[in-house]
Amino acid sequence: MGHPPLEFSDCYLDSPEFRESLKCYEIELDRTSKSLKELIKDGNSVINAINGYSVAVQKFSQTLSTFQFDFIGDSLTDDEINIAESFQEFAGLLQEVEHDRMMLVQNASDLLIKPLEKFRKEQIGVTKEKRKKFEKESEKYYSQLDKHLNLSAKKKESQLQEADELVDKERVNFYESSVEYVYQIHQVQDRKKFDVVEPVLAFLHSILTLNNLTVEMTQDFMPYKQELQLSLQNTRNHYESTREEMEELMKRMKHPSQISKMHSFLPMEGYLYCQEKWALGVSWVKYYCKYHKEGRLLVMTPCEQRPTTKQGPAQLTLKSCIRRKSDSIDKRFCFDVETVERNTPVTFQALSEGDRKLWMEAMDGKEPIYHSPIHKQAESKWISVLFTWELTVFSTLCLFIHPCLDSTHPGDVDLYSSDWDIKTITSALKFYLRSLCEPLMTYTLHRDLMCAAKSDNLDFRLSEIHSLTYKLPEKNREMLEMLIKHLVNVCSHSNENLMSPSNMGVIFGPTLMRAKEDTVAAMLDIKFQNIVVEILIEDYKKIFSNRPEDSTVPPIPPPRITPRKRQPITISKRPPRVFQALSPDHFHRAESNY
């Protein structure tokens with residue numbers, strides 16, 4: 001069973017039963033706050049994990065797209081061409097998937113985390129503040145009451161009167177804080193039903209949508225996969241056919257007679273890696289270098305030729321040579337050379353520490369000079385802008401509604417005048433219906449309509465509402481039929497105006513129905529009022545075209561013994577709706593039209 005409603009009248013009595021019920025709500029509130037905190041924490045973990053995975057996959061796809069296959073020979077087979085282009089295909093596929101995944105990650109915080117944090121801060125946080133105020137006022141009141149009761153009756157009348165007034169003041173403050181606290185408790189208990197579930201639903205929907213897209217892309221990828229697998233198998237077969245001959249050649253080249261034919265390296269002649277800086281980064285290019293000490297001339301022959309141009313040897317005239325500090329570069333065995341031909345030093349990397357010493361000795365190299373680093377400070381500015389808005393809708397509404405309610409000149413308002421927009425007229429209609437001394441669907445039938453809306457039997461629910469509609473006074477039924485007919489017409493254009501029967505029920509439920517007494521329990525029944533209006537719209541033809549037949553009305557089910565199952569009553573076991581479901585944003589926009 002759920003918690004019993006906290007009535008505002010109980011705040012005045014402040015009975016032990018009231019305090020016990022209040023304690024149950026506070027325990028539930030603490031449990032909700034703790035669960036929300038865990039949900040936000042785990043949600044962030046999921047988002048960060050998805051983000052980390054997506055970033056890694058995108059980096060992987062970039063590496064694939066820049067990967068170059070260098071094939072041996074002057075021509076490629078069709079299979080090798082397929083293989084050479086495969087990484088580009090892989091990269092494109094991964095980038096397409098990860099683009100949608102990153103969109104999910106970018107929206108995940110707005111979809112899931114921010115709404116939950118907002119609810120925790122604005123609802124639970126406010127409730128806790130109300131609780132502190134309630135406890136403070138309670139302590140002040142009962143402390144003052146104890147002092148008041150301990151006053152001697154022999155005190156002066158003026159002193160006793162002053163004490164009475166002080167107690168009454170503290171009691172009023174205590175009662176106000178108690179009522180506000182109870183109201184906030186009910187607010188947070190009701191709002192968490194949708195404010196907590198909606199963000200999780202939106203987040204889950206985005207994940208499932210992405211998974212569905214991935215499945216579709218996988219199906220499109222299958223033909224290419226099969227073709228590439230065939231090319232890979234053909235290429236593997238070619239490799240196996242030549243591998244044995246390659247092994248025989250390797251053995252011959254390892255023979256001592258072949259090694260003796262190779263030239264040995266001279267100290268001032270050998271390989272060096274040269275650092276070359278480009279617009280998009282830095283690369284290390286391998287050169288075969290010869291240094292002529294007499295003319296201080298360094299000849300550099302590139303070992304890796306560019307595919308577009310053939311490079312010849314480069315010649316540099318040395319001015320100085322300095323060893324590169326180890327903490328200034330992430331490469332080992334480096335030294336800088338200043339030359340006549342270039343404005344900036346050229347950085348080389350030797351093959352070993354011993355190799356670097358030989359190069360520096362030949363070039364009369366020197367050790368580096370250490371300088372203190374220069375620190376700079378940055379400045380930042382903050383700019384704030386304040387916007388204000390003014391609302392004048394209420395004054396316009398009053399100008400419209402007052403003539404309508406004037407009994408001496410009824411109907412003197414031109415509804416087709418350009419002075420009134422549609423929002424003003426519809427707001428006036430709702431204001432008029434809510435201003436009636438008795439709601440359009442009457443106090444008499446309110447209880448029966450609520451029982452019908454709460455029934456689990458959908459057939460009984462419809463039949464009972466059908467029957468109760470014809471128990472309304474004739475004028476009430478005629479006006480109700482006229483209004484519902486208009487709402488049906490509006491809902492038929494829900495794709496354009498975003499108004500579905502369920503949204504209409506939310507808007508007009510409290511307008512057409514209300515309990516005779518405004519209690520918390522009655523407020524909790526408003527959702528069932530909305531269901532009644534929703535059924536009137538969805539089954540307009542059945543309800544208003546024919547009078548109910550007593551023989552077709554199913555027997556009234558017995559009173560409920562067990563608690564209602566936790567399921568959405570307006571959706572459970574209902575056939576698919578013809579009206580498109582709306583997001584919360586769409587609903588807020590739609591409600592502004594009515």
Discussion item. On a heavy-atom basis, which atom in Gly43 and which in Leu112 lie closest, and how many Å separate them?
Written reply: CA-CD2, 4.1 Å
Worksheet entry | Ring geometry between Phe335 and Trp359 (parallel below 30°, tilted from 30 to 60°, perpendicular above 60°) | parallel
Practice prompt. Apply side chain to side chain contact (heavy atoms under 4.5 Å, CB included) to Gln184 and Phe134, showing your working.
Written response: CA-CA 12 Å; Gln184 184 61 30; Phe134 166 74; over 6 Å; no
Worksheet item: For Lys225 and Met222, what are the C-alpha separation, side-chain angles and deciding distance, and is it a side chain to side chain contact (heavy atoms under 4.5 Å, CB included)?
Response: CA-CA 5 Å; Lys225 173 192 172 185; Met222 290 305 295; 4.2 Å; yes
Discussion item. If I compare all heavy atoms of Cys334 with all of Ile329, which pair ends up nearest, and what's the gap?
Written reply: SG-CD1, 4.2 Å
Worksheet item: Under 6.0 Å from the CD atom of Gln88, do we count more than 12 heavy atoms belonging to anything else shown?
Response: yes
Worksheet item: Is the count of non-hydrogen atoms from other residues, nucleotides or ligands lying under 6.0 Å from His205 atom NE2 greater than 12?
Response: no
Item to complete: With sequence neighbours left out, write down each residue that passes side chain to side chain contact (heavy atoms under 4.5 Å, CB included) with Arg296, or none if nothing qualifies.
Response: Tyr291, Leu318, Asp364
Discussion item. Using a 3.5 Å distance criterion without hydrogens, assess whether the side chain of Arg324 forms a donor-acceptor pair with backbone atoms of Phe333.
Written reply: no
Practice prompt. Work out which heavy atom in Phe90 is nearest to a heavy atom in Tyr224; give both atom names and the distance.
Written response: CE2-CE2, 4.0 Å
Discussion item. Under a 3.5 Å distance rule, please check whether Ser65 uses its side chain to pair with a backbone N or O of Gln62 as donor and acceptor.
Written reply: yes
Worksheet entry | Residue pair Ile537, Cys491: steps toward the side chain to side chain contact (heavy atoms under 4.5 Å, CB included) verdict | CA-CA 8 Å; Ile537 296 174; Cys491 290; 4.1 Å; yes
Fill in: Residue pairs involving residues 24-56 (criterion ring pair (Phe, Tyr, Trp, His ring centres under 6.0 Å); sequence neighbours excluded)
His3-Tyr25, Tyr25-His186
Practice prompt. Determine, for Glu135 against Arg131, whether the closest basic-nitrogen to carboxylate-oxygen distance falls under 4.0 angstrom.
Written response: yes
Worksheet item: What closest approach, in Å, do Val299 and Pro313 show between heavy atoms, and which atom pair accounts for it?
Response: CG1-CB, 4.0 Å
Worksheet item: Could Lys192 and Phe119 be counted as a cation-pi pair, given that NZ or CZ must be under 6.0 Å from the ring centre and within 45° of the axis?
Response: no
Worksheet item: Does OH in Tyr183 sit with more than 12 non-hydrogen atoms of other residues, nucleotides or ligands closer than 6.0 Å?
Response: no
Discussion item. Tell me whether Phe60 at atom CZ has more than 12 heavy atoms from other residues, nucleotides or ligands lying less than 6.0 Å away.
Written reply: no
Fill in: Glu341 side-chain N/O to Thr317 backbone N/O, donor-acceptor pair under 3.5 Å
yes
Fill in: Cys321 versus Val337, closest heavy-atom pair with distance
SG-CG2, 4.4 Å
Item to complete: Anything under 30° is parallel, anything over 60° is perpendicular, the rest tilted; go ahead and classify Tyr271 against Tyr288.
Response: perpendicular
Worksheet item: Is a side-chain N or O of Ser54 found less than 3.5 angstrom from the main chain of Ile50, in a donor-acceptor match?
Response: no
Discussion item. Looking at Gln58, is its backbone amide N or carbonyl O close enough to the side chain of Ser61 to form a donor-acceptor pair, meaning the two atoms are under 3.5 Å apart?
Written reply: yes
Worksheet item: Is Asn503 reaching over with its side chain to a backbone N or O of Met499, donor-acceptor style, under 3.5 angstrom?
Response: no
Worksheet entry | Residue pairs passing the salt bridge (charged side-chain N to carboxylate O under 4.0 Å, His left out) test where at least one lies in residues 95-113, sequence neighbours excluded | Glu98-Arg101, Asp110-Lys114
Discussion item. Salt bridge check, Glu28 against Arg31: does any charged N sit closer than 4.0 Å to a carboxylate O?
Written reply: yes
Discussion item. Checking Glu338 against Ser320: is there a side-chain donor and acceptor pair closer than 3.5 Å?
Written reply: yes
Item to complete: Would you please test Val57 and Val97 for side chain to side chain contact (heavy atoms under 4.5 Å, CB included) and show each step?
Response: CA-CA 10 Å; Val57 172; Val97 174; over 6 Å; no
Worksheet item: Between the main-chain N or O of Ile40 and the side-chain N or O of Asn44, is there a donor-acceptor pair closer than 3.5 Å?
Response: yes
Worksheet item: Which atoms form the tightest heavy-atom contact between Leu228 and Ser86, and what is the distance?
Response: CD2-CB, 3.8 Å
